[in-house]
Amino acid sequence: MIFNLIAGLFAFLCVYPFLFVIVISLTNEEALARNGYSIFPEKWSFSAYEYIFKAGDQLLRSYGVTILITVVGTLISLAVICLYAYAISRKNFQYRGFFSFIAFFTMLFNGGLVPTYMVLTQVLHLKDTIWALILPLIMNAFYVLIMRTFYNTTVPDAIIESAKIDGAGELRAFITIVLPISLPGIATIGLFATLGFWNDWFNALLYIDNPALVPLQSMLMRIENSMQFLLNNAQLNASGQTLELMRTLPQESTRMALVVLATLPIACAYPFFQRYFVQGLTIGAVKE
């Protein structure tokens with residue numbers, strides 16, 4: 001009972017900061033400035049969300065773009081990383097050392113921003129395409145090494161050999177035998193990849209000019225920059241109406257609302273991965 005209470009308290013402490021952010025985003029800006037942050041605000045307000053949703057259809061399009069690149073990018077990333085890691089984890093693969101070195105080398109050195117930009121725009125012609133938001137992130141050498149270690153420690157050679165004796169090829173053995181055993185590792189890498197695609201805004205800054213292809217994080221950043229520009233240049237127009245508008249502009253609550261809009265969907269997706277964490281621990285056990 002005591003351990004359950006401790007676990008419940010720890011869980012609440014983990015959730016409380018996010019709940020606090022939601023409450024602040026729904027707090028009236030004047031009450032927030034007068035009383036500071038409070039879990040029980042003096043006055044509620046949706047002005048921050050109204051300010052953000054003035055973008056209208058652009059916000060929905062940005063959500064759609066982010067969901068598309070997250071789903072497609074994560075699936076492609078998992079396929080590439082899992083296959084690459086499985087190949088270099090097999091002892092009978094002649095060039096496993098060479099390809100392991102290639103993966104490790106890219107963790108130490110990379111071509112840099114300018115060559116990457118030139119390749120994507122001048123060679124692959126991906127500027128203002130959805131693939132410019134997907135391809136740069138699908139391969140991660142660190143995740144490859146993690147999965148290679150996972151295969152080496154979790155997938156016994158005996159079970160692969162038994163599948164080959166039954167007539168299965170390398171690909172069939174990987175799909176039917178290795179993947180079910182590797183669900184915990186795949187779910188972990190999938191979660192990391194999902195977070196990477198969801199939170200990415202830098203590639204959109206470099207390669208996307210078309211408003212229809214702007215992802216959510218980039219759009220929210222533009223909203224924040226626009227609001228900050230208005231506040232910094234309020235003195236350029238000293239009319240009473242402008243000053244009143246600047247005074248009522250929801251600054252802090254808008255920032256918290258941006259956090260909510262950017263974080264809530266991916267937080268809701270986490271239990272999906274959690275289910276596979278638990279499920280993967282109960283299958284694929286081998287006794288030797």
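As the structure is a computational prediction, the values presented were derived from the model and not from experiment.
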Would you check if the side chain of [X] reaches a backbone N or O of [Y] as a donor-acceptor pair within less than 3.5 Å?
| X | Y | answer |
| --- | --- | --- |
| Ser62 | Val214 | yes |
| Trp198 | Thr263 | no |
| Asn110 | Thr106 | no |

With the side chain counted from C-beta on, respond yes when [X] and [Y] share a heavy-atom pair under 4.5 Å apart, and no when they do not.
| X | Y | result |
| --- | --- | --- |
| Gln217 | Asn199 | yes |
| Val178 | Tyr151 | yes |
| Ile146 | Thr188 | no |
| Ile81 | Phe192 | no |
| Val260 | Tyr49 | yes |
| Met147 | Tyr143 | no |
| Val23 | Trp44 | yes |
| Met256 | Leu26 | no |

Do other residues, nucleotides or ligands put more than 12 heavy atoms under 6.0 Å from [X] [atom1]?
| X | atom1 | value |
| --- | --- | --- |
| Phe20 | CZ | yes |
| Tyr95 | OH | no |
| Tyr63 | OH | yes |

Give, for atom [atom1] of [X] and atom [atom2] of [Y], the distance between the pair rounded to the nearest 0.5 Å.
| X | Y | atom1 | atom2 | answer |
| --- | --- | --- | --- | --- |
| Tyr86 | Phe150 | OH | CZ | 14.0 Å |
| Ile6 | Phe10 | CD1 | CZ | 11.5 Å |
| Phe109 | Phe104 | CZ | CZ | 9.0 Å |
| Asn140 | Met107 | CG | CE | 8.0 Å |
| Asp128 | Ile208 | CG | CD1 | 5.5 Å |
| Lys164 | Ile177 | NZ | CD1 | 12.5 Å |

Indicate, with yes or no, if [Y] and [X] share a hydrophobic cluster defined by side-chain heavy-atom contacts under 4.5 Å among Ile, Leu, Val, Met, Phe, Trp and Tyr.
| X | Y | result |
| --- | --- | --- |
| Leu261 | Val15 | no |
| Leu19 | Val21 | no |
| Val123 | Val114 | no |
| Ile165 | Phe174 | no |
| Phe98 | Tyr84 | yes |

Closest approach of [X] and [Y], non-hydrogen atoms and distance?
| X | Y | answer |
| --- | --- | --- |
| Asp200 | Pro215 | O-CG, 4.4 Å |
| Trp201 | Ser218 | CB-N, 4.0 Å |
| Pro136 | Leu120 | CG-CD1, 3.7 Å |
| Ile134 | Gly73 | CG2-CA, 3.8 Å |
| Ile138 | Ser77 | O-OG, 2.8 Å |
| Thr66 | Ile69 | O-CG1, 3.3 Å |

For this session: Under the side chain to side chain contact (heavy atoms under 4.5 Å, CB included) rule, what do Leu216 and Val65 come out as? Steps first, then yes or no, please.
Result: CA-CA 7 Å; Leu216 177 66; Val65 170; over 6 Å; no
Problem set entry | Test log, rule side chain to side chain contact (heavy atoms under 4.5 Å, CB included), inputs Ser182 and Val155 | CA-CA 8 Å; Ser182 306; Val155 181; 4.0 Å; yes
Exercise. Considering the options Thr70, Leu133, Ile67, Asn203, which one meets the side-chain contact (heavy atoms from CB on, under 4.5 Å) requirement together with Phe197?
Worked result: Thr70
